[in-house]
> 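The following block contains the structure, expressed as structure tokens.
When a ligand or atom number is given, it counts from 1 through the structure's own listing order.
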Amino acid sequence: MKEFTYTRAADTGSVLAALAERPGVALLAGGTELLNWLKEGIEAPDHLIDIGGLPLYDIEETADGGLRIGALQKMADVARHPDVVRRFPALARSLLLAASPQLRNMATLGGNLQQRTRCPYFRAETGALPCNKRTPGSGCAALAAGAEDTAALFGWTEECVATHPSDMAVALAALDATVVVCGPGGTERRVPADAFHLTPQEAPVQRHTVLRDDELITAVEVPGTAWPSAYVKVRERASYEFALVSAAALVDLADDGTLRAARVALGGVAHKPWVLDGITPLVAGLRPADTAALHAAVGPLFEEARPPAGEGFKADLARRATVRALRDAAAVREGDR
Ligand SMILES: Cc1cc2nc3c(=O)[nH]c(=O)nc-3n(C[C@H](O)[C@H](O)[C@H](O)COP(=O)(O)OP(=O)(O)OC[C@H]3O[C@@H](n4cnc5c(N)ncnc54)[C@H](O)[C@@H]3O)c2cc1C
């Protein structure tokens, strides 16, 4: 591991100044991702700034009845915050189903958004395998291997078939949340959660998110909504595992219990949370418990789902997760919110 210097930041201004002034600076929040990168050779900074002391811990109500959550909040604390549990069950569940209790106690929301793909070729120690994200121009070993479980269904290119692993990002995209970032001179920028991560179709594969090198994530804002929500995670073992696919759903129910509108984002299928545009007209008027009708209705949204190789089992899994998330969201009772 390359040697680096370390300081603890006392205020946001000094962090922004350091990011703007010198190259080779990395920010340390909970450290659960960054330390792996240092060991695996994914990052080799000259200088580490520990941002744990910055005042980015508040959880406060916004004017529209939503919540503003500081970027340094721990995943475990947000997952059990009473307002989050009651009003945004998809967010609470996405955090609770992620990683392990020890990791959730250390890991922050900002770090969760900035985590990198779990594609095994990207993560290979010392970058020994072809990966365009890791070594530009070296190729995509994942595409050549044709392993469908870790590959994207949407938004991939011949250059990169990786998916983004954050569970929380999927819930935030479904909830129409905003990532608040701060840049040079303290200028604030607000990015819709579903536009924060980048697919290789949108940007060079080495870029993971829209966050610039001189910016800091300061908060996540979830708008006030009365729609019930749910998060479903499908994985190869029941805990401590990344999603094969996941689905976060919000539903608007008519008085007779049928669906009036829905919003769904998928995880594990692209290098960003994949929002299922156009779902409302397909499911409007259906009963959430009529899963056969829902399966048929959402089918067209998966016709474009194109795995690089394999049998296409993930597209079927994603469709099933979508239906289950819609049904689970509708089952969240009025009194629970
Ligand atoms: C074994 C294991 C299993 C996991 N399983 C899951 C899972 O199932 N689901 C899931 O969603 N995640 C999972 N994770 C990922 C975990 O959630 C992340 O490691 C964690 O959220 C990162 O947060 P951190 O505070 O530790 O980030 P750090 O490691 O401190 O930082 C990670 C990156 O984020 C940047 N960063 C941190 N905060 C900010 C900020 N405020 N502004 C700008 N940049 C910032 C850092 O500079 C660094 O580049 C897993 C991790 C491990 C190690």
> State if Leu56 counts as touching ligand 1 under the rule of any non-hydrogen atom under 4.0 Å.
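No heavy atom of Leu56 comes that close to ligand 1.
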> Starting from atom 41 (N) of ligand 1, which protein heavy atom do you reach first, and at what distance in Å?
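Of the protein heavy atoms, Ile217 O, 2.9 Å lies nearest.
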> How long is the straight-line distance from CG of Asp167 back to CG of Leu95, given to the nearest 0.5 Å?
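Output value for this atom pair is 8.0 Å.
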> With heavy atoms only and a cut-off of under 4.0 Å, state how Asn36 meets ligand 1: side chain, backbone, both or neither.
side chain
> How far does CG of Asp46 sit from NZ of Lys2, to the nearest 0.5 angstrom?
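Going from CG on Asp46 over to NZ on Lys2, the span is 3.5 Å.
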> For ligand 1, which atoms, with element, lie under 4.0 Å from some heavy atom of Thr32?
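So the atoms of ligand 1 that pass are 18 (C), 19 (O), 20 (C), 22 (C), 23 (O), 24 (P), 26 (O), 29 (O), 53 (C).
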> Does some non-hydrogen atom of Ala26 fall short of 4.0 Å from ligand 1?
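Heavy atoms of Ala26 never come under 4.0 Å of ligand 1.
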> Looking only at distances, please establish whether an N/O atom of ligand 1 is found under 3.5 Å from an N/O atom of Met75.
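Min N/O separation from ligand 1 is not below 3.5 Å for Met75.
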> Taking the six-membered ring of Trp156 as reference, does the cationic atom of Arg306 (NZ for Lys, CZ for Arg) lie under 6.0 Å from its centre and within 45° of its axis?
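Here Arg306 passes the 6.0 Å and 45° test against Trp156.
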> Hey, could you give me the NE2/CG distance between His197 and Leu113, rounded to the nearest 0.5 Å?
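That separation rounds to 5.5 Å.
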> Which protein non-hydrogen atom lies closest to atom 6 (C) of ligand 1, naming both residue and atom, and how far is it?
Phe242 CE2, 3.1 Å
> What I want to know is whether Ala98 and ligand 1 share at least one N or O pair that is separated by under 3.5 angstrom.
no
> Give the residue and atom name of whichever protein heavy atom lies nearest to atom 45 (C) of ligand 1, and the separation in Å to one decimal.
Gln114 CG, 4.1 Å
> So is Leu35 close enough to ligand 1, meaning a heavy atom under 4.0 angstrom away?
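Judged by the 4.0 Å heavy-atom criterion, Leu35 does not count as contacting ligand 1.
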> How far apart are the closest heavy atoms of Lys272 and Glu202, and which atoms are they?
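Scanning both residues completely, I find the closest heavy atoms to be NZ-OE2, 2.9 Å.
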> I need the contact type for Glu241 against ligand 1. Using non-hydrogen atoms and a strict under-4.0 Å cut-off, is it side chain, backbone, both or neither?
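It is the backbone that touches ligand 1; the side chain stays farther off.
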> What part of Leu211 sits under 4.0 Å from ligand 1 if we count only heavy atoms: the side chain, the backbone, both or neither?
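Under 4.0 Å from ligand 1, Leu211 contributes side-chain atoms alone.
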> I need the minimum non-hydrogen distance between Ala124 and Leu129, along with the two atoms involved.
CB-CD1, 3.7 Å
> What protein heavy atom is closest to atom 38 (N) of ligand 1, reported as residue, atom name and distance in Å?
Gly111 N, 3.5 Å
> Would you mind checking which non-hydrogen protein atom is closest to atom 11 (O) of ligand 1, with the distance to 0.1 Å?
Asp167 N, 2.9 Å
> Just to confirm my output: which protein heavy-atom neighbour is closest to atom 46 (C) of ligand 1, and how far is it?
Leu27 O, 3.0 Å
> Give the contacting part of Gln115 toward ligand 1: side chain, backbone, both or neither, where contact means a heavy-atom distance below 4.0 Å.
side chain
> What residue among Leu276, Val245, Leu153 forms side chain to side chain contact (heavy atoms under 4.5 Å, CB included) with Leu266?
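Testing each of Leu276, Val245, Leu153 against Leu266, the sole residue satisfying side chain to side chain contact (heavy atoms under 4.5 Å, CB included) is Leu276.
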> Can Thr218 and Glu188 be counted as having a side-chain donor-acceptor contact under 3.5 angstrom?
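No donor-acceptor contact under 3.5 Å links the two side chains.
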> Please give me the minimum heavy-atom distance between Asp11 and Leu54, naming the atom from each residue.
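Reported closest heavy-atom pair: C-CD2, 3.3 Å.
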> Which residue owns the protein heavy atom closest to atom 28 (P) of ligand 1, what's the atom, and how far is it?
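Going by distance alone, atom 28 (P) of ligand 1 is nearest to Gly31 N, 3.4 Å.
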> Hey, what do you get for OH (Tyr121) to CZ (Arg134), rounding to the nearest 0.5 Å?
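CZ of Arg134 is found 14.0 Å from OH of Tyr121.
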> Just to be sure I read this right, does ligand 1 sit under 4.0 Å from the backbone of Pro165, its side chain, both, or neither, counting only heavy atoms?
backbone
> How close does the nearest protein non-hydrogen atom get to atom 32 (C) of ligand 1, and which residue and atom is it?
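The protein heavy atom lying closest is Glu33 CB, 3.6 Å.
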> Is Arg118 touching ligand 1 with its side chain, its backbone, both, or neither, if touching means heavy atoms under 4.0 Å apart?
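For Arg118, the contact with ligand 1 is made by the side chain alone.
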> Measure the acute angle between the ring planes of His208 and Phe122, then classify it against the limits of 30° and 60° as parallel, tilted or perpendicular.
perpendicular
> Passes side-chain contact (heavy atoms from CB on, under 4.5 Å), Arg260 versus Leu253? Steps please.
CA-CA 5 Å; Arg260 194 156 40 205; Leu253 295 173; over 6 Å; no
> Under 4.0 angstrom from ligand 1, any heavy atom of Lys233?
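In this structure, Lys233 qualifies as a contact of ligand 1 - some heavy atom is under 4.0 Å.
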